[in-house]
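Notes follow the structure.
This one's a predicted model, so the numbers in the text were calculated from it and none came from an experiment. Atoms considered below: every heavy atom in the structure, side chains included; atoms not considered: hydrogens, waters and symmetry mates. Numbering starts at 1 and runs along the sequence shown.
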Amino acid sequence: MSKASRFSSDDIWKNNVEKINSELFTLTYGSVVSQLCRDYNNNYQEVNQQLDRMGYNIGLRLIEEFVAKTGAQRCQTFKETAEIISKVGFKIFLNIQPVVTNWSQDGKSFSLILVDNPLAEFVELPVTNDNKINKELWYSQILCGVLRGALQMVQLDVDVWFVKDALRGDEQTELRLKLNKILKDEVPAGED
């Protein structure tokens, strides 16, 4: 077997593994949310917090893979960061491309419109007598944490939250990102 054909089959295998990993994550995510709802006795505020924490920890680690795959350099503006998140980050990890819109006048906040949300693709929130689930649970809250964690690793302190969710009956799913501050590159105490 020639080197060229070996590398192409390795690339095909790698791409299939990544696709399987993404699909496996989206298919098992519902089980994670269900288990958290049971563990926290349908305290959806706590479930949201747990999903956000999980996402934050994923985001802290995911940024390394993102940089390794893309070779991306540090963005110069928050608008450039938004475009990279939408056109590259979401494309690599979830195979979607959200729309960047609704910029604030000061350029410190924007919305991501998820035309397709793979985490919610095969999901319907249960219809129950307790209407709290539709008012309090942000099913895809893990995405907020992932964005917050990844952006913190590139020295951007942001708040991320859901504004709308198609699972709640909204016409689209919308995430809002707000830049709080740019963090300084600091050397930890004792390491000069």
Spacing of Leu62 atom CG and Met153 atom CE [to the nearest 0.5 Å]: 11.0 Å

For residues 112-121, which side-chain N or O atoms pair as donor and acceptor with protein atoms under 3.5 Å away, sequence neighbours left out?
unit_1	atom_1	unit_2	atom_2	d
Asn117	OD1	Leu119	N	3.0
Asn117	ND2	Ser140	OG	2.9

Partner set under side-chain contact (heavy atoms from CB on, under 4.5 Å) for Ala82, not counting sequence neighbours: Val100, Trp103, Phe110

Apply ring pair (Phe, Tyr, Trp, His ring centres under 6.0 Å) to Tyr29 and list each qualifying residue two or more places apart in sequence or on a separate chain. Phe25, Tyr139

Can you check whether Met54 reaches Val32 side chain to side chain, under 4.5 Å on heavy atoms? yes

Strictly distance-based, threshold 3.5 Å: is any side-chain N or O of Arg176 a donor or acceptor partner for the main-chain N or O of Asn102? yes

If you look at every heavy atom in Asn180 and Val158, which pair is closest and at what distance? ND2-C, 3.7 Å

Smallest separation among heavy atoms of Arg168 and Lys135, with atom names: NH2-O, 3.1 Å

Let me check something: do Ile58 and Ile96 share a hydrophobic cluster, defined by ILVMFWY side-chain heavy atoms less than 4.5 Å apart, either directly or through other members? yes

Taking only residues two or more places apart in sequence or in another chain, which ones pass side-chain hydrogen bond (donor to acceptor under 3.5 Å, both in side chains) with Lys108? none

By side-chain hydrogen bond (donor to acceptor under 3.5 Å, both in side chains), which residues pair with Asn41, not counting sequence neighbours? none

Set of side-chain contact (heavy atoms from CB on, under 4.5 Å) partners for Arg61, sequence neighbours left out: Asn57

Qualifying side chain to side chain donor-acceptor pair (under 3.5 Å) pairs, either residue in residues 75-85, two or more places apart: Glu83-Lys87

Distance-minimising heavy-atom pair for Lys164 and Asp170: CA-OD2, 3.2 Å

Closer than 3.5 angstrom, by distance alone: can the side chain of Gln73 be matched with the main-chain N or O of Gly71 as a donor-acceptor pair? yes

By side-chain hydrogen bond (donor to acceptor under 3.5 Å, both in side chains) - contacts of Ser104 (at least two apart): Asp106, Ser109

At what distance, to the nearest 0.5 angstrom, does CG of Leu147 lie from OH of Tyr56? 13.0 Å

Would a single hydrophobic cluster contain both Val99 and Leu143, if residues Ile, Leu, Val, Met, Phe, Trp and Tyr are joined by side-chain heavy-atom contacts under 4.5 Å? no

Sequence neighbours excluded, which residues qualify as side-chain contact (heavy atoms from CB on, under 4.5 Å) partners of Phe66? Ile63, Thr70, Ala72, Ile84, Val88, Ile92, Phe93

Working to the nearest 0.5 angstrom, can you tell me the gap between Ile85 CD1 and Gln97 CD? 12.5 Å

Ion pair check, Asp52 and Arg148, cut-off under 4.0 Å: yes

Applying side-chain contact (heavy atoms from CB on, under 4.5 Å), can you list everything that pairs with Lys181, at least two apart in sequence or on another chain? Asp157, Leu183

Which residue pairs satisfy the ring pair (Phe, Tyr, Trp, His ring centres under 6.0 Å) criterion with at least one member in residues 143-165, sequence neighbours excluded? Trp138-Phe162

Are there more than 12 heavy atoms of other residues, nucleotides or ligands under 6.0 Å from atom CD1 of Ile182? no

Under 4.5 Å between any side-chain heavy atoms of Ile133 and Asn42, yes or no? no

Check whether the side chains of Tyr40 and Gln45 place a donor and an acceptor atom closer than 3.5 Å, and report yes or no. no

Set out, in order, the CA-CA distance, both residues' side-chain angles and the distance that settles side-chain contact (heavy atoms from CB on, under 4.5 Å) for Leu175 and Ser111, then state yes or no. CA-CA 6 Å; Leu175 285 158; Ser111 291; over 6 Å; no

Looking at side-chain heavy atoms only, is the closest gap between Asp39 and Val47 below 4.5 Å? no

Could you walk me through whether Leu167 and Leu137 pass the side-chain contact (heavy atoms from CB on, under 4.5 Å) test, one step at a time? CA-CA 10 Å; Leu167 283 176; Leu137 178 65; over 6 Å; no

Please enumerate all residues that pass side-chain hydrogen bond (donor to acceptor under 3.5 Å, both in side chains) together with Gln49, with sequence neighbours excluded. none

